[in-house]
Amino acid sequence: MKKNIRSLSKEDLRQFFISQKEKPFRGDQVYEWLWKKSVYDFNEMTNIPLSLRNQLADNFAVNKSTIHTHQQSNDGTLKNVLKLCDGNIVEFVIIPKDNRNTLCISSQVGCSLNCKFCATAKLKRIRNLEYFEIYDQVILAQKQSQEYFNKPISNIVFMGMGEPLMNYENLLIAIQKITQEEGLGLSHKRITVSTSGIPHTIKKVADQSVKFNLAVSLHSAIQEKREKIMPFSKKFNLESLLVSLQYWYSKTKTKITFEYIVFKNINDTIEDINALVSYCKKIPCKVNIIEYNPIGDDEFLQASSEITDLYVKKLNQADISATIRKSRGKDIDAACGQLANKVQKNAS
Ligand code: SAH
């Protein structure tokens with residue numbers, strides 16, 4: 001089997017040309033075609049002599065992902081099913097709004113965490129995405145965004161399928177390639193990684209040079225309640241999460257965003273609100289109250305707007321910024337927590 005050329009670093013590419021008794025700068029040129037211009041057909045690499053293009057084709061393949069199907073919501077949201085080289089699929093979503101065009105991407109096929117209210121959790125974890133598969137979502141979304149909305153992607157959120165911090169090595173390389181000048185050159189300030197909260201990895205990524213905004217899916221600031229809806233958090237409790245977030249803040253000086261769903265009869269009491277307010281006071285943060293998107297069982301229901309309004313009021317009174325976020329793309333199962341491989345079997 002031919003080697004996947006995108007698994008090579010720039011230095012590896014230079015070494016390849018040296019081994020072929022060619023000039024190493026050819027490696028820089030190929031790297032630019034791959035990562036800056038997203039050109040994957042060796043014949044389109046026009047500043048590379050034909051004989052070398054043939055050599056590349058003899059030695060390498062480009063394992064690129066393709067759009068399997070896509071669907072548009074009544075509100076404009078575009079959901080795509082991405083088919084990976086091995087036939088697995090993940091989803092990515094473009095959410096157009098005013099002057100923004102937010103891209104929501106996946107980091108794993110399935111997910112290893114078992115948040116009770118999330119459709120992706122029902123798939124279990126199949127595998128991590130490679131960094132070039134994360135990158136492919138951005139490349140394909142850029143094209144689609146121009147076609148449908150006549151403007152580029154403005155923001156990227158890792159809020160699709162999977163837990164990004166359980167795949168942080170590929171995550172960091174992908175973000176590096178998305179942000180670096182030799183790649184897509186997007187500002188790191190426009191990238192948000194959403195995590196369920198893996199304290200030791202939060203600390204680890206805080207120490208890295210790759211930058212991004214961090215969002216944490218909190219959903220309860222009371223340990224016993226959080227464990228019930230997010231069982232993995234027995235291992236990663238709220239206290240150690242807080243310590244890791246304080247470390248993150250000390251290193252990055254960027255506020256954390258907490259994502260929070262208010263579920264009926266689960267976290268809709270004043271005691272829940274008070275617990276959240278006191279948790280938030282310990283770390284520079286803002287809160288996004290997100291709407292619950294049904295995933296086809298009756299276990300969870302969205303709480304009333306009186307209680308979500310009360311959350312916002314109490315947080316604001318404590319000088320913590322809080323907003324209620326309406327869902328997008330619900331009619332096509334493209335909203336937060338609804339992404340699942342419904343067509344997994346048909347895709348391969
Ligand atoms: N694993 C990461 C990223 C994927 S989930 C994380 O947990 O943050 C992206 C966001 O959707 C998270 O905030 C998650 O809690 C939320 N979510 C999951 N299921 C949902 C549902 N049914 N309705 C609304 N939001 C949901």
Side-chain angles (χ1 to χ4, degrees), residues 77 79 90-93 95 102-126 128-129 134 137 155-168 170-171 174-175 191-199 201-202 205 212-221 225-226 228-233 236 241 244-245 248 256-264 266-267 276 285-303 308 323-341:
T77 300
K79 180 168 87 166
V90 291
E91 296 174 343
F92 70 87
V93 180
I95 308 143
T102 303
L103 168 63
C104 173
I105 56 181
S106 296
S107 55
Q108 296 182 312
V109 185
C111 188
S112 53
L113 305 181
N114 49 357
C115 304
K116 298 288 182 205
F117 46 85
C118 179
T120 309
K122 305 212 185 307
L123 301 169
K124 310 292 178 221
R125 175 186 169 281
I126 298 168
N128 281 345
L129 290 192
I134 298 175
Q137 298 172 67
N155 298 70
I156 299 178
V157 293
F158 282 81
M159 293 188 189
M161 298 165 76
E163 169 49 48
L165 294 193
M166 292 288 203
N167 184 18
Y168 75 92
N170 284 305
L171 172 83
I175 295 181
I191 299 181
T192 300
V193 173
S194 176
T195 175
S196 304
I198 319 287
T201 316
I202 291 174
V205 292
F212 50 83
N213 300 307
L214 190 67
V216 175
S217 304
L218 197 64
H219 306 316
S220 178
K225 289 202 186 191
R226 194 164 189 259
K228 276 199 184 122
I229 54 177
M230 303 170 85
F232 76 91
S233 67
F236 307 122
L241 178 60
S244 72
L245 295 178
W248 166 273
I256 315 287
T257 302
F258 285 123
E259 292 151 279
Y260 198 102
I261 307 173
V262 189
F263 298 106
K264 191 174 172 183
I266 293 180
N267 56 356
L276 179 62
C285 68
K286 57 182 183 170
V287 176
N288 280 344
I289 305 278
I290 56 180
E291 211 183 328
Y292 171 62
N293 301 309
I295 58 163
D297 57 30
D298 302 331
E299 208 183 328
F300 294 97
L301 290 172
Q302 167 70 40
T308 49
T323 15
I324 297 181
R325 290 285 170 100
K326 284 263 167 276
S327 280
R328 304 283 305 275
K330 254 196 214 182
D331 54 329
I332 55 165
D333 284 343
C336 272
Q338 291 186 313
L339 301 186
N341 290 354

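Sequence positions, counted from 1, serve as the residue numbers for this chain. Please read all numbers here as calculations on a predicted model, not as lab measurements. Counting starts at 1 for both ligands and their atoms, following the listed order.
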- prompt: Which residues pass the ring pair (Phe, Tyr, Trp, His ring centres under 6.0 Å) test with F158, sequence neighbours left out?
  reply: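 F158 satisfies ring pair (Phe, Tyr, Trp, His ring centres under 6.0 Å) with no other residue.
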task: Please confirm whether Y292 and F117 have ring centers closer than 6.0 angstrom.
output: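 No, the ring centres sit 6.0 Å or more apart.
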- request: Determine the sole option in N167, T120, N128, N170 for which the side chain to side chain donor-acceptor pair (under 3.5 Å) test with Q108 is passed.
  value: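 Passing option: N128.
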query: Would you call I156 and I175 a side-chain contact if the rule is heavy atoms closer than 4.5 Å?
result: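 Sidechains of I175 and I156: no contact.
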field: Heavy-atom check, side chain of V216 versus side chain of L241, under 4.5 Å
entry: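 Yes; the side chains approach each other to less than 4.5 Å.
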Does even one non-hydrogen atom of [X] get within less than 4.0 Å of ligand 1?
X: G160; value: yes
X: G197; value: no
X: E291; value: yes

Applying a heavy-atom cut-off of 4.0 Å, say which part of [X] lies close to ligand 1: side chain, backbone, both or neither.
X: M159; answer: both
X: N293; answer: both
X: V216; answer: neither

Considering non-hydrogen atoms of the protein only, which is the closest contact for [atom], and what is the distance?
atom: atom 12 (C) of ligand 1; result: S217 OG, 3.0 Å
atom: atom 2 (C) of ligand 1; result: S194 O, 3.3 Å
atom: atom 11 (O) of ligand 1; result: C336 CB, 3.4 Å
atom: atom 18 (C) of ligand 1; result: G337 CA, 3.4 Å

Just jot down the ligand 1 atoms closer than 4.0 angstrom to any heavy atom of [X], in number order.
X: S196; answer: 1 (N), 6 (C), 7 (O), 8 (O)
X: C118; answer: 18 (C), 19 (N)
X: H219; answer: 14 (C), 15 (O)
X: E259; answer: 10 (C), 12 (C), 13 (O)
X: I295; answer: 22 (N)
X: G162; answer: 1 (N), 2 (C), 3 (C), 4 (C)

- prompt: Regarding S327 and N293, is there a side-chain donor-to-acceptor distance under 3.5 Å anywhere?
  reply: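 Yes, side-chain donor-acceptor contact under 3.5 Å.
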Taking atom [atom1] of [X] and atom [atom2] of [Y], what is their separation to the nearest 0.5 Å?
X: S233; Y: L218; atom1: OG; atom2: CG; value: 9.5 Å
X: L165; Y: T201; atom1: CG; atom2: OG1; value: 6.0 Å
X: N267; Y: H219; atom1: CG; atom2: NE2; value: 9.0 Å

message: Could you work out, with side chain to side chain donor-acceptor pair (under 3.5 Å) as the rule, every residue matching T195, not counting sequence neighbours?
response: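 Side chain to side chain donor-acceptor pair (under 3.5 Å) check on T195 returns E163.
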